[in-house]
Amino acid sequence: MTHFSSLIRQCVDTKSISDIRKVQTQILKSGFLLRLGDKLIDGYMKCRGGGDACKLFDELPERHIVTWNSMIATHIGQKRTKEAIGLYKKMILEGVFPDEYTFSSIFKGFAEMGSLREGQRAHGLSVILGLESSNVFVCSALVDMYSKFGQMRDAKLVADRVVERDVVLFTALIVGYSQHHEDSAALAVFISMINEGVKANEYTFASILIACGNLEDLGNGKLIHGLIVKSGFESVVASQTSLLTMYSKCGLIDDSLKVFKQFANPNLVTWTSLIVGLVQNGREEVALTKFRQMFRNSINPNSFTLSSVLRACSSIAMLEEGKQIHVIVTKYGLDRDTYCGAALVDLYGKCGSTEIARLVFDDILELDVVSMNSMIYSYAQNGLGHEALELFNRMKDLGLQPNDVTYVSVLLACNNAGLVEEGCQIFASMKNNHNIELTRDHYGCMVDLLGRSGRLEEAEALIKQVRIPDVVLWRSLLSACGIHGEVKMAERIKDKVLELAPGDEGTHVLLSNIYASTGNWSQVIEMKTTMREMRLKKDPAMTWVDIDREVHTFMAGDWSHPRSKEILETLEELMEGVKNVGYVADTRFVLQDLDEGRKERSLYYHSEKLAIAFALWRTSNKTTSIRIFKNLRVCGDCHNWIKYVSKVVNREIISRDAKRFHHFKHGLCSCGDYW
């Protein structure tokens with residue numbers, strides 16, 4: 001008999017089903033089938049010979065509980081969950097009582113199949129058999145099952161009834177809480193575990209660090225880091241990756257990079273965690289560098305890695321880099337993937353290429369709320385309000401439920417396209433829908449929409465409906481007062497803002513600009529004196545342009561660029577050209593007390609004009625679109641000037657300011673002069 005057991009082990013080692021069949025024939029001849037049937041079945045299952053195993057199982061005159069457990073466990077391990085559950089039911093019908101090994105396997109099977117009711121029945125049977133609270137093996141499987149169903153209350157009740165709890169049980173509960181965003185509860189369980197003298201393992205540490213990261217609880221995160229070092233798990237990949245993620249979520253991205261350096265051979269999960277952390281912490285260029293390094297190390301990215309680096313490109317508007325990553329996405333067959341598709345839509349939308357964004361969107365196999373939101377937001381940023389509304393209405397037809405981001409995007413679309421009534425209707429429907437919780441972002445979009453359309457009193461009344469209005473809402477209304485020259489209202493709104501934030505430089509700058517636009521220079525001097533006394537500084541206007549993957553940044557009147565001579569010459573040519581076709585400098589946008597000639601000259605050297613002059617000089621032999629990006633809203637004179645430039649040079653100029661995109665072509669702008 002020992003000889004046959006040895007032969008079966010050899011067959012398993014070589015994964016040879018045909019050899020096991022030969023051994024079975026010899027066993028049958030020797031009359032040892034009853035004694036060796038369990039081993040034969042186990043051998044077949046380990047060699048993925050499910051059919052042979054089931055046939056032999058059915059032929060056995062007597063089947064021991066070990067055989068049942070082996071069949072059930074192997075089926076579940078090989079993702080044949082339905083067959084495993086069928087065997088479990090057959091076992092019960094034949095009067096064979098499950099033991100702790102049966103339950104530990106079958107609870108996992110019920111979780112994978114989503115069969116909560118059947119899992120609860122099996123739980124009841126485990127209680128009857130006295131295995132629920134007395135056997136930690138069964139309890140851990142139960143906790144894991146209920147956690148996967150999101151039934152954390154039941155999982156906690158089971159765990160609390162166990163007399164002697166071990167690390168597996170505690171870890172299952174911590175993982176469950178963490179996966180269902182109950183991170184504080186996960187931390188409480190970890191503390192209980194330590195207090196009970198149970199030592200954490202690498203999986204416990206990995207899970208609790210994720211919870212600390214989600215809570216941005218740096219204090220406990222560092223304490224747990226110390227425990228990891230003390231326990232000797234610092235070099236374990238799971239612990240290191242979770243440490244890296246925890247530090248990045250707490251905003252300490254440099255600490256994440258230090259942890260990453262300790263990896264000898266980081267795997268895909270670790271690389272992706274680092275890249276995600278860098279993007280979330282505004283280190284997009286470093287994220288792209290790390291992605292290229294990962295690629296050179298022959299680590300193949302997945303959809304999550306690629307969608308993260310695409311987000312990095314969209315954040316800093318690196319279109320050419322994004323296009324190269326799009327090629328990689330296509331190479332790996334992920335261009336129709338939901339995550340990559342949504343990230344590509346976001347990239348092209350934020351770089352002003354809505355046509356390409358729509359082509360990508362239409363190719364996504366399974367549209368979800370995230371991909372819909374990406375496309376609606378792309379339309380919103382580019383002033384295509386009607387297209388955004390069409391897509392918003394299509395969501396309902398597809399049975400997709402709009403979320404907070406959807407409503408912010410569609411209200412922004414109405415705002416940027418001047419669709420005031422449509423925006424008001426959507427906002428009214430949101431207020432009437434008790435399932436939607438209005439946020440400050442929703443109110444902010446509506447205040448801006450009403451304010452820019454001149455309905456200032458309505459905008460103010462809307463702010464007063466917010467329980468605790470913040471600075472952003474009042475400042476938005478203050479900006480609208482500036483657009484419509486409402487000085488008295490602006491002064492009143494200024495007081496509201498400064499009550500909430502006395503040192504808010506944006507408010508002082510806005511009011512100073514409003515006084516300047518109405519020629520009230522004494523008030524401008526007073527505001528600037530106040531700002532100097534409070535040591536408040538205005539953010540300088542900056543425009544940047546990406547030429548051949550090199551970013552060039554410009555500020556108004558700044559001639560530090562090495563090609564200043566060529567920029568000035570090109571700018572003079574452009575000024576002459578646009579004046580010949582009707583451009584007249586609008587000195588209302590000069591917020592300084594100068595004579596008309598000096599006002600007009602100061603307008604020449606705004607940052608966007610310098611950037612466009614440089615881009616046209618560097619690409620004089622091309623007909624491609626020029627893309628510029630500005631940190632503040634474009635001024636009215638520059639907006640008008642760029643329209644004329646697009647007509648004179650016969651090239652499209654795409655400008656992204658702090659709020660939206662402007663597409664200038666043939667002397668017209670996509671915004672219809674509404675911005």
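Positions are given from 1 along the sequence.
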**OP:** Go through the steps to decide whether Glu486 and Arg492 satisfy the test salt bridge (charged side-chain N to carboxylate O under 4.0 Å, His left out), and finish with yes or no.
**Re:** CA-CA 10 Å; Glu486 288 288 341; Arg492 182 164 51 79; over 6 Å; no

Original post:
Where do Glu460 and Lys496 land on the salt bridge (charged side-chain N to carboxylate O under 4.0 Å, His left out) test, with the steps shown first?
Top reply: CA-CA 11 Å; Glu460 185 176 7; Lys496 297 274 190 186; 5.7 Å; no

Original post:
Quick one: does Thr406's side chain have a donor or acceptor within less than 3.5 Å of a partner on Asn403's backbone?
Top reply: yes

Subject >> Side-chain H-bond candidate by donor/acceptor type, Arg563 with Thr570, under 3.5 Å >> reply: no

Original post:
For Phe427, which of Leu450, Leu462, Leu449, Asn432 qualifies under side-chain contact (heavy atoms from CB on, under 4.5 Å)?
Top reply: Leu462

**OP:** For Arg283, enumerate each residue passing the salt bridge (Lys or Arg N to Asp or Glu O under 4.0 Å) test, keeping only those at least two apart in sequence or located in another chain.
**Re:** Asp254

**OP:** Would you please classify the geometry between the Phe664 ring and the His662 ring as parallel, tilted or perpendicular, with 30° and 60° separating the classes?
**Re:** parallel

Original post:
For the side chain of Ser378 and the backbone of Asp346, is there at least one donor-acceptor N/O pair under 3.5 Å apart?
Top reply: no

**OP:** Keeping the roles fixed (side chain from His484, backbone from Arg452), state whether a donor-acceptor pair exists under 3.5 Å.
**Re:** yes

**OP:** May I ask you to decide if the ring planes of Phe614 and His552 are parallel, tilted or perpendicular, using 30° and 60° as cut-offs?
**Re:** tilted

Original post:
Do other residues, nucleotides or ligands put more than 12 heavy atoms under 6.0 Å from Glu285 CD?
Top reply: no

**OP:** Could you tell me whether Glu608 and Arg633 have a side-chain N and a carboxylate O separated by less than 4.0 Å?
**Re:** no

**OP:** Taking only Lys NZ, Arg NE, NH1 and NH2, and the carboxylate oxygens of Asp or Glu, determine whether Arg627 and Glu320 approach each other closer than 4.0 Å.
**Re:** no

Subject >> Donor-acceptor contact present, side-chain Asn281 to main-chain Ser248, <3.5 Å >> reply: yes

Subject >> Over 12 foreign heavy atoms within 6.0 Å of NZ, Lys643 >> reply: yes

**OP:** Count the heavy atoms of every other residue, nucleotide or ligand shown that sit under 6.0 Å from CZ of Phe304, and state whether that count exceeds 12.
**Re:** no

Original post:
Does Thr338 reach the main-chain N or O of Glu366 with its side chain, forming a donor-acceptor pair under 3.5 Å?
Top reply: yes

Subject >> Check: Arg358/Tyr348 side-chain N/O donor and acceptor closer than 3.5 Å >> reply: no

**OP:** State whether a side-chain donor-acceptor pair under 3.5 Å links His442 with Thr439.
**Re:** yes

Original post:
Has the side chain of Asn416 got a donor or acceptor atom that lies under 3.5 Å from a matching backbone atom of Gly385?
Top reply: no

Original post:
Can Tyr583 and Asp637 be counted as having a side-chain donor-acceptor contact under 3.5 angstrom?
Top reply: yes

